[in-house]
2 protein chains.
Amino acid sequence: MRALEQYDVLSDEERDALRALPLRTRLLQKNEEIIREGDRPTHSCLLVAGFAARTQNLEDGKRQITNLHAPGDFVDLHSLLLKRMDHNVIAFSDCEVAFIPHGALRELIDRHNHLSRLLWVTTLVDAAIDRAWITCLGRRPAIDHLAHFICELFTRLKGRGLNDGNSILFGATQVELGDILGMSTVHVNRTIQDLRKLGLIDWEAGRVTIRDFDRLADRAGFDPAYLNQWVEPR
Amino acid sequence: MRALEQYDVLSDEERDALRALPLRTRLLQKNEEIIREGDRPTHSCLLVAGFAARTQNLEDGKRQITNLHAPGDFVDLHSLLLKRMDHNVIAFSDCEVAFIPHGALRELIDRHNHLSRLLWVTTLVDAAIDRAWITCLGRRPAIDHLAHFICELFTRLKGRGLNDGNSILFGATQVELGDILGMSTVHVNRTIQDLRKLGLIDWEAGRVTIRDFDRLADRAGFDPAYLNQWVEPR
DNA sequence: CGATAGCTTGACTCACGTCAAGCCCGGTGG
DNA sequence: CCACCGGGCTTGACGTGAGTCAAGCTATCG
C-alpha cells in the first residue's frame, strides 16, 4: 500500500480492497528461485522484506541482473498479463514474499480502475528504471555507472523509508554487483575503490554510506525524475 | 488494432471503441522530435508509419537509444499515467503519427477492462525488450549483440507483416546503430562486416537481409518468447 | 584449525574506442 | 556538364578501459 501511495492517494475503499486480497506468505533464503523462466505462474509475488532480482542466464554461464526489487514491489505482476515468464526471479537476500492468486488480482483490477492504473504505474516505473540501466550500460564508464546505481538504489529505498540516514543496508557481493552492472568482479572491486578514494562513498560489510550525495549524483548524471516518486492524480 | 491482436482477440465492440478514438495525424521528418524529456503530454502518440526511437542524451553529448518502435506501437502510452516524460522520442525515419487525447484514452481504458489490459500488455512487452537489451549490453560481445538486435527487429516487424521475405527495410546509419547498441561507429562498421563475412546477413542501402536466420539466432542466443507474439486470453 | 567465501592486488591481454584519412555517392549550384 | 560539398561508409594505426588469470589476504564458520 505504501508503495502505491508513492504515486497517488488511495481511497478508504481501495485500501479495504487491497487488505482483502488473499495472501500466502513465505520465507526464502538468499539465492532461492522465486520464479523460473518459462513458468506460467498462477500467483503474483509481492516482496515483503529483503531484496529480489530479475536475472537472465546466458548459454555460456554468464548472468545479467535486469532489475532489483525492494520491499513493497511486485516482482512479477506482469505475469498476470504476459502469462509466461521470460526471465528468472531470485531471492537476492533472505526475504519474505507474499503470493496473491491471479484470480484475485484480476478481480481487483477489473473492479477498481484507479487501483488498476496504479499497478500499471508500478510496471511503468520498472520500465523507466530499465531505460536508465540501458543508458548506463551503453554510454557511461564504469565509475559513473556504479555511482548512478548507488544513487538510484538509495533514492528508491529512501522513497520507502528504508534508508538509515545516508546509509543503506545492501548485502550484495562484488560478484553480484558485477552481474548488475555488466562488469567483471575485479573491475567492480577497483571501481568501488575509486569511488572511495574520491570520498564519495563508504562500502563495508553490506552497508553503503553516501558521503556526498550531490557530488555522487553529479558524477553519475543522476536525475531522480524517472523514478516518479511524487503523488499525483493518475 | 493489428498490434493488439498479436496478443489476444478483440470483440466487435472493442474494435468499434478503438475506431471511435479521435485521431489527429501528422507527418514528421526524420530526426524531428516527437516528445521531449520533461514534457507533460496531453496526447499519446501512435506510430502509423516509419520508425521512432526513444533516446536519452548525456551531459557530454553522447546519446543512447533505449527502444525502437514500429508502425502500430504506441510511442508514449506511459505518459498517460506517468505524466512527465523522462526521455525523448524522435522520428527515426520519416514517419506518420496519430495523436490521441489522454482524455479519450482514459475513458477507453475505464470502460473496457480487456482493452485496458491489452494496452498494458504492450507496455509490458516494451519492458521485456528493455530487459533483453540490458542483457545484451551487459554480457554479450558486440557481434552477438548486433546479431540479437537484428533477430529482434526482424521478428518484431514480421509480427506486423512488415518484413519482405528475409529482408527488412531499415534505414539506420551506422552512427545511429551505435546509439542503439552502445558502441562506437567504427566498431559498428567492423561488426557488420564480421556478420557479412560469416554469411549471416547482407546490409546495404537501408535493406537488411538475413541469410540464415537459424544460425544468426543461434549465435545471438535469441529466443523470441519475450516478444509475446501469440494470441492468448489476457 | 582447516575450509570456504569474499575481497584485494598485480601482470598481462584484448575488445573496443579514438583519431585521422580516404572513398563513394547523391545533391546543389554555377 | 562539371566542380564542389557533405554525409555516410571504410580502413589503418594506435590508445585504453575493462576482462582474465592467478595469487594472497581476511573473516567467518564448523
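Here is how names work: the chains are called A, B, and so on, in the same order as the sequence lines, proteins then strands, and each is numbered from 1.
- In summary, R139(A) and D60(B) do not engage in a salt bridge, as defined by a charged side-chain N under 4.0 Å from a carboxylate O.
- The CD-C1' distance, from Q174(B) to dC16(C), rounds to 16 Å in whole Å.
- Electrostatic pairing of D130(A) and R54(A) does not count as a salt bridge here, judged by no charged N lying under 4.0 Å from a carboxylate O.
- Note: F149(A) and W133(A) have perpendicular aromatic rings, judged against thresholds of 30 and 60 degrees for the angle between ring planes.
- Side-chain N/O atoms of N189(A) include none lying less than 4.0 angstrom from OP1 or OP2 on dC7(C).
- Between the axis at the start and the axis at the end of the helix from dC1(C)-dG30(D) to dG30(C)-dC1(D) there is an angle of 30°, using five pairs per end and rounding to 10 degrees.
- Between D202(A) and R207(A) there is no salt bridge, since none of the side-chain N atoms of the basic residue sits less than 4.0 Å from a carboxylate O of the acidic one.
- A salt bridge does not link E59(B) to R219(A): none of the charged nitrogens lies less than 4.0 Å from a carboxylate oxygen.
- Taking atom NE2 of H187(B) as the reference point, atom P of dG17(C) lies 6 Å away to the nearest angstrom.
- The CE-C1' distance, from M183(B) to dG17(D), rounds to 16 Å in whole Å.
- The ring pair (Phe, Tyr, Trp, His ring centres under 6.0 Å) analysis of residues 59-89 of chain A, with sequence neighbours excluded, yields the pairs H78(A)-H87(A).
- Contact annotation: side chain of R190(B) to base of dG12(D), donor-acceptor pair present below 3.5 Å.
- Regarding E204(A), its CD atom lies at a distance of 17 Å from the C1' atom of dT28(D), rounded to whole Å.
- Contact annotation: R196(B) reaches the phosphate of dT10(D) (side-chain N/O to OP1 or OP2, under 4.0 Å).
- Each of dT11(D), dA18(D), dG8(D) was ranked by its minimum atom distance to the side chain of T173(B); first place goes to dG8(D).
- The distance from atom CD1 of I143(B) to atom P of dC16(C) is 10 Å, rounded to the nearest whole Å.
- Not one side-chain nitrogen or oxygen of Q193(B) sits closer than 4.0 Å to the OP1 or OP2 atom of dC9(D).
- Contacts of S184(A) with the nucleic acid, taken as non-hydrogen atoms under 4.0 Å apart, include base atoms.
- Judged by distance alone, the side chains of Q64(A) and R131(B) never bring a donor and an acceptor atom under 3.5 Å apart.
- In this structure, L137(B) atom CG and dG17(D) atom P are separated by 20 Å, rounded to whole Å.
- Within 4.0 Å (heavy atoms only), G182(B) reaches sugar-phosphate atoms of the nucleic acid but no base atom.
- Remark: R140(A) is not in phosphate contact with dG17(D), judged by side-chain N or O atoms under 4.0 Å from OP1 or OP2.
- Closest-nucleotide positions on DNA chain C for G138(A) and I192(A) were compared, and the one nearer the 5' end corresponds to I192(A).
- Taking only side-chain atoms of V186(A), from C-beta outward, the nucleotide of dT18(C), dT20(D), dC9(D) with the closest atom is dT20(D).
- For L146(B) and dA15(C), the CG to P distance is 17 Å, given to the nearest whole Å.
- Qualifying salt bridge (charged side-chain N to carboxylate O under 4.0 Å, His left out) partners for E37(A), counting only residues two or more places apart in sequence or in other chains: none.
- Between K62(A) atom NZ and dT20(D) atom C1' the separation is 11 Å, expressed in whole Å.
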